[in-house]
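Here is the structure we will look at.
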Amino acid sequence: MVVETRLFAQSFFSGKLLSNQPLAKLVRRQYRSVHCAMQQKKSLMWFRKGLRLHDNPALLRACQGASHVYPVFVLDPWFLAPDPTAPSPGSKVAGVNRIRFLLQSLENLDANLRQHGSRLLLLHGNPATVIPALLTKWQINELCYEFDTEPYAQSRDAEIKKLASKSGVEVFSPVSHTLFNPVDTIQKNGGTAPLTYQAFCKVIGTPPAPVAAPSQIPSPSEDLNNVEIVAIPTLEDLGYINLDEEFSPHPGGETEALRRLDDSLADQKWVCDFEKPKGDPTAFMKPATTVLSPYLKFGCLSCRLFYQRLQAVYSQSKKYSKPPVSLEGQLLWREFFYTAGYGTQNFDRMQGNPICKQIPWKDDDGLLSAWRDGRTGHPWIDAAMVQLRKWGWMHHLARHAVACYLTRGDLFVYWERGRDVFDRLLIDSDWAINNGNWLWLSASAFFHQYHRIYSPVTFAKKYDPDGRYVKHFLPVLKDMPKQYIYEPWTAPLAVQKKANCIIGVDYPRPIVDHAIANKECRERMGQAYALSKEAGGHPKQEQVDELHDRLEAQFPVVRPESGNAPAPPKRAPRKAVKKGASSPKEEPSGKRQRKLTDYKPAQAKKK
DNA sequence: AGGTCCGTTGCCAAG
DNA sequence: CCTTGGCAACGGACC
């Protein structure tokens, strides 16, 4: 009784609650929560990310004082259903590797729950309708789930929270996917997300320690009130058949995550010497990084545990690398992008994004699909894209190289198109980090030195002069002599014949001449930046469109008539709104310039 | 205001 | 093999 009065008094004097809610409702809610605490609550632990038992504050809370805990995951067909029109196996939004990673993670979560006498309850459907229905069916008192900052999750969770609260269900959604709460960081920084890493590091402080795993997990009731629970499907169950491609060598799950963490941290010298930019992007049998990113993305591994274990290793050593290049620095980059993503309007778009440079990119499906499908004719770029499709993973610097190539380096295609490809195919694709890095690489935000362009020829050669990486992922080039491996179009025809790889037949000619293309890209970037400056940082859409037309006239694109050239481009949608001010068919006045895409490289380079 | 320094990961030639 | 400096030259932070 004393407790009840105190709770009531608290609510009574916190004016905000009282002003919006009828008194009777308030009393009822307070009564119910006290009543339940005495009777032992029933909690629903809703898993989305955070697919783990360790350092899971939502799960811990769900177990505290509960008679029954219902661990639920909702399988959404939107994520899982095969899309036959997609360019590679998978659903509309996720490649088959990421789907597999999720299924493996769920299997492992179920197994780990079973070790505690519980189990994972799997349901089909849209969480927005499934979860509220379960609250009623199972007479749930408390709904627990991990806080998620993505816009899609934010709106979904807000809706469900509203429904839950309306029916008197307590909602507990702690921050445990990130080291820091982006809300706090933004507040500490004066209301906006820090735009430089240094500024970010100045405000964050020290992250909280992980919480303990629950000592016991009360099992769900035997009687599920006719709710249909489904078994964890296999890929075949979902309709993915005849998958004969090379698979991701990185299996999902908390157990594998913790094993990998132990593995990575066991080599103390490696951990203390780690400097991200020095890694070898062509190392694929033994990657140059931890490959813990997919486990962090799905929450099979807690970033707070990773951070704590990392500090333990550092404390054993007199000297160790520091952010931004160290392993700790990598965890902080993750936080940096989560904060920027949470604090920036339209973070995943160019238009309406206040931190994004407005650049007249091309909306060219031909160039995009050549890049996506690994037929640009630049073996390093194509091999990396094949690794992405087959494994769902590539080294950070390989991502840089292909992202630079698609956008400001060579093809000048919209970064959002490349972002979509990564988002679908990477097993670690993460909304904030993926968008943040595409903004970075396209020199749209955070990074602006657009003259620094990765060479599709020399960059990988530094690490892998023999072209082992290229030959593995592009077997068509496996017999190409190494001196031509990054530029096979320069091999004499006799050499091509001997290698069973005729350029233009068995493997494409390059779709652009890098030397010409990157010069043109820099010119385009320069004009876009100049326009931005002129317009006080925020040029109008019409001005950007106008610049687009001007640049298209300055650098007309003429397609080769035959060969492996990509399909002709579709007009950019935004051009449709424009009334025909300039015709794309018109040849520009003056002398005909050498074109970006009608490049015919020399057949032989004598050595 | 304007100058200076710096920024996770460029390229190339020279030493 | 490695490192170093020239190249060309951006925005943002800070004084």
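Numbers restart at 1 for each chain; the letters A, B, ... are given by sequence-line order, proteins then strands. Quick caveat, the model's predicted, so the values are computed rather than measured.
Annotation for A/Q268: atom CD counts as buried by contact number, over 12 foreign heavy atoms lying within 6.0 Å. The environment of A/K478 atom NZ is sparse: at most 12 non-hydrogen atoms of other residues, nucleotides or ligands sit within 6.0 angstrom.
Rounded to an integer number of Å, the gap from NE2 of A/H451 to C1' of C/dG11 is 12 Å. For the pair A/F200 CZ and B/dC6 C1', the computed distance is 19 Å after rounding to whole Å. Rounded to whole angstrom, the span from the CZ atom of A/R452 across to the P atom of B/dC6 amounts to 14 Å. The nearest whole Å value for the distance from the CZ atom in A/R399 to the C1' atom in B/dT8 is 15 Å. Across the protein-nucleic acid pair, A/E523 atom CD and C/dA9 atom P stand 10 Å apart, rounded to whole Å. At whole-Å resolution of the value, NE2 in A/H396 and P in B/dG10 are 11 Å apart. If you measure from atom NZ of A/K519 to atom P of B/dC11, you get 19 Å, rounded to the nearest angstrom. In this structure, the NZ atom of A/K461 is 16 Å from the C1' atom of B/dG10, given to the nearest Å.
Using a 4.0 Å heavy-atom cutoff across all strands shown, A/K462 reaches sugar-phosphate atoms only and no base atom. At the heavy-atom level, A/Q330 lies under 4.0 Å from base atoms of the strands shown. In this structure, A/F459 reaches the sugar-phosphate backbone alone: every heavy-atom distance under 4.0 Å involves primed, P, OP1 or OP2 atoms, never a base. Residue-level contact check: A/K278 touches neither bases nor backbone, having no heavy atom under 4.0 Å from any strand. Using a 4.0 Å heavy-atom cutoff across all strands shown, A/H400 reaches at least one base atom of the nucleic acid.
Residue A/T458 places none of its side-chain N or O atoms closer than 4.0 Å to OP1 or OP2 of B/dG10. Between A/Q198 and B/dT8 there is a side-chain polar atom (N or O) within less than 4.0 angstrom of OP1 or OP2.
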Using the 3.5 Å cut-off, write out each protein N or O paired with an N or O of nucleotides 13-15 of chain C and the distance between them.
from	atom 1	to	atom 2	distance (Å)
C/dC14	OP1	A/K202	NZ	3.0

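Aromatic ring centroids of A/H378 and A/W489 lie under 6.0 Å apart. Note: A/F284 and A/H395 fail the aromatic proximity criterion, with ring centroids not under 6.0 Å apart. In this structure, A/Y338 has its ring center no closer than 6.0 Å to that of A/Y342.
Taking the 5.5 Å centre cut-off and the 30° plane limit, the aromatic side chain of A/Y450 is not classed as stacked on C/dC10.
Taking the P atoms as reference points, B/dG7 lies 22 Å from C/dC7, given to the whole Å. For the P atoms, the distance linking B/dC6 with C/dG5 amounts to 15 Å, nearest Å. Look at the C1' atom in both B/dA1 and C/dC14: the space between them is 13 Å, to the nearest Å. Only the P atoms considered, B/dT8 is 25 Å distant from C/dA8, to the nearest whole Å.
Distance from the side chain of A/Y529 is smallest to C/dG11 among B/dT8, C/dG11, B/dG10. The listed nucleotides are B/dT8, C/dG11, B/dT9; the one nearest the side chain of A/Y197 is B/dT8.
The only member of A/R399, A/K297, A/R98 that meets salt bridge (Lys or Arg N to Asp or Glu O under 4.0 Å) when paired with A/D428 is A/R399.
DNA chain C contains the following stems of three or more consecutive Watson-Crick or G-U pairs, with both distances under 3.5 Å: B:2-7 with C:10-15, B:10-15 with C:2-7.
Interatomic distance, CZ of A/R417 versus CZ of A/R372, reported as 12.0 Å (0.5 Å rounding). Separating the CZ atom in A/F337 from the CG atom in A/N434 is a distance of 10.5 Å, to the nearest 0.5 Å.
Between A/W380 and A/S455 the shortest side-chain heavy-atom distance does not fall below 4.5 Å.
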Compile the donor-acceptor pairs under 3.5 Å between side chains in residues 526-537 of chain A and protein atoms, sequence neighbours left out, one pair per line.
from	atom 1	to	atom 2	distance (Å)
A/Q527	NE2	A/E523	OE2	2.9
A/Q527	NE2	A/Q554	OE1	3.2
A/Y529	OH	A/A443	O	2.7

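Under a cutoff of 6.0 Å and an axis angle of 45°, A/K322 and A/Y320 form a cation-pi pair.
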